[in-house]
Number of protein chains: 2
Amino acid sequence: MKSSPGDGRRPQRADARDNRDRLLQAARAEFDEQGPHASLNKIAQRAGVGPGTLYRHFPNVHALLVAIIGGDVEVLCAQGRELLEHPSPDEALRIWLRAIARHATAMRGLVATEMIAQPTTETSTALAACHQAIHATGTALLGRAQHHGNAPAQLDIADLLMLTNAIAWASEQTPADAGLLDRLLALINTGVPYPHHHESRK
Amino acid sequence: MKSSPGDGRRPQRADARDNRDRLLQAARAEFDEQGPHASLNKIAQRAGVGPGTLYRHFPNVHALLVAIIGGDVEVLCAQGRELLEHPSPDEALRIWLRAIARHATAMRGLVATEMIAQPTTETSTALAACHQAIHATGTALLGRAQHHGNAPAQLDIADLLMLTNAIAWASEQTPADAGLLDRLLALINTGVPYPHHHESRK
DNA sequence: CTAGAGTACGGAGAACTTCTCCGCTTATCA
DNA sequence: TGATAAGCGGAGAAGTTCTCCGTACTCTAG
């Protein structure tokens with residue numbers, strides 16, 4: 001199978017590249033305003049191109065979303081690498097997870113679904129790369145927190161990322177409650193005490 | 001505004017009641033098979049009625065979902081009341097939250113969105129009732145766990161329910177990983193150790 | 001600067017979706 | 001048994017995603 005033009009590869013012709021950039025910009029704006037149910041037709045219209053052009057550049061919504069979040073993933077991973085120098089490994093992990101959650105929230109759940117979804121399905125290579133990058137960065141941060149911090153050894157980064165995205169999703173569902181994201185993140189940090197705890201609080 | 005027939009009120013005529021029941025059954029089956037994107041047309045077809053009939057009984061997808069989950073909420077709350085007699089208040093809370101999560105997962109996220117969403121918007125009274133029932137049962141269970149168990153006093157039941165549903169949502173997104181739901185639930189029970197913990201594990 | 005090759009455009013439209021309207025049917029009750 | 005109102009369901013409006021293909025433009029070679 002030959003590579004399709006929507007796979008993240010940039011086209012050669014200048015007008016095509018312009019259109020692609022304008023589409024991405026329009027899509028970002030439209031998703032921002034309309035939420036996940038933004039119409040692709042409207043995105044094309046906003047970018048000043050026909051629907052056909054949109055679908056040649058991005059074969060489906062999936063490809064469009066992956067293209068949008070690709071850059072963000074880059075930024076998040078860079079931030080994660082910086083956080084490896086943070087004095088507190090635990091705090092570093094916490095900060096990074098919060099950054100991911102905030103980003104996912106800003107993207108209105110699109111990211112949550114796309115970024116963490118298991119790469120076993122026939123997702124694009126671009127998505128797999130995003131997934132891989134986040135996963136690798138998280139592994140590094142978690143590993144440090146496990147060796148030099150208080151993170152439990154059996155903790156799995158995939159689960160942790162999943163949980164973080166779930167929280168981001170939840171906080172999107174209730175945009176009225178601005179503090180929800182941080183409250184839930186704090187909740188998973190402290191945890192709901194397990195019945196098998198040995199100390200009693202009374 | 002007079003009460004619409006889709007509000008959960010059962011119609012008087014026998015044929016209408018039959019149709020309503022068959023629609024609910026068909027909807028449940030269709031959502032089970034097709035997931036959240038099931039076509040309402042197909043549901044009507046499956047029930048052997050026209051689309052008009054479906055939309056007279058349930059003005060929109062929302063109403064249909066609320067009708068479907070209404071009965072389940074009843075069951076969950078009954079189970080919650082039984083759990084108030086459970087010897088371990090903490091364990092009781094844990095079991096109930098797991099039941100909610102499993103139910104939400106079975107309903108493929110429909111419930112998650114509908115049941116927990118803030119009732120400030122113009123949701124139907126039936127949905128508000130569901131929300132209220134779950135909330136009340138949760139408050140009772142959490143209260144007991146706070147007074148006689150290890151649950152922290154500042155813990156909010158709304159947050160806890162939200163988190164539980166978020167986890168249910170996440171585990172639907174990755175149906176391939178059957179153990180995910182329980183792993184994530186366990187994760188919020190133990191919690192990711194906070195950097196301000198006083199004891200070190202070394 | 002020009003011409004040819006081939007890339008990219010964008011509208012028309014196919015195949016779906018949700019949801020509405022309204023003439024006809026049929027259950028109910030006196 | 002009729003009168004009456006409640007209920008039915010298909011046609012279709014308005015929206016969506018996505019495809020096809022004739023036209024127009026950009027790029028490169030000469």
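Note on naming: letters A, B, ... go to the chains in the order of the sequence lines (proteins, then strands), and numbering restarts at 1 for each one. Remember, it's a predicted structure, so these values are computed and weren't measured experimentally.
Regarding Glu30(A), its CD atom lies at a distance of 11 Å from the P atom of dT17(D), rounded to whole Å. For the pair Gln45(B) CD and dC8(D) C1', the interatomic distance rounds to 16 Å; values are reported in whole Å. Spacing between atom CD1 of Ile43(A) and atom P of dG10(C) amounts to 16 Å, rounded to whole angstrom units. Rounded to whole Å, the distance from CZ on Arg56(A) to P on dT17(D) is 17 Å. Between Asn19(B) atom CG and dT25(C) atom C1' there is a gap of 13 Å when expressed in whole angstrom units. Distance CG (Asp18(A)) to P (dT26(D)): 10 Å, rounded to an integer number of Å. Residue Arg46(B) contributes atom CZ, which lies 20 Å from atom C1' of dG9(D) at whole-angstrom precision. Protein atom CG of Leu54(A) is 13 Å distant from nucleotide atom P of dT16(D), rounded to whole Å.
For Arg144(A) (side chain) and Leu84(A) (main-chain N/O), a donor-acceptor pair under 3.5 Å exists by modelled atom type. In this structure, the side chain of Gln79(B) does not engage the main chain of Ile95(B) through any donor-acceptor pair within 3.5 Å. His147(B) contributes a side-chain N or O that, together with a main-chain N or O of Gly143(B), makes up a donor-acceptor pair within less than 3.5 Å.
Nucleic acid contact class of Ala44(B) (heavy atoms, under 4.0 Å, all strands): none.
The CG atom of Leu155(A) sits 9.5 Å away from atom CG of Leu163(A), with the distance rounded to the nearest 0.5 Å.
Nearest heavy atoms, Ala47(A) versus Arg22(A): O-NH1, 2.9 Å.
Ion pairing of Arg46(B) with Glu33(B) is present here, as a side-chain N (NZ or NE/NH1/NH2) and a carboxylate O approach within less than 4.0 Å.
Nearest to the side-chain atoms of Tyr55(A) among the listed nucleotides dC19(C), dT17(D), dG7(D) stands dT17(D). Ranking dC8(D), dC19(C), dT26(D) by closeness to the Asp15(A) side chain, first place goes to dT26(D).
Counting heavy atoms from C-beta on, the side chains of Phe31(A) and Ile43(A) come closer than 4.5 Å.
Proximity of His57(B) to the phosphate of dC8(D): a side-chain N or O atom is located under 4.0 Å from OP1 or OP2.
Below the 3.5 angstrom threshold, one finds a donor paired with an acceptor across the side chain of Arg13(B) and the base of dA6(D).
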Could you run through nucleotides 11-17 of chain C and give me one letter per nucleotide, 5' to 3': B if any protein heavy atom sits under 4.0 Å from the base, S if only the sugar-phosphate is that close, - if neither? B-----S

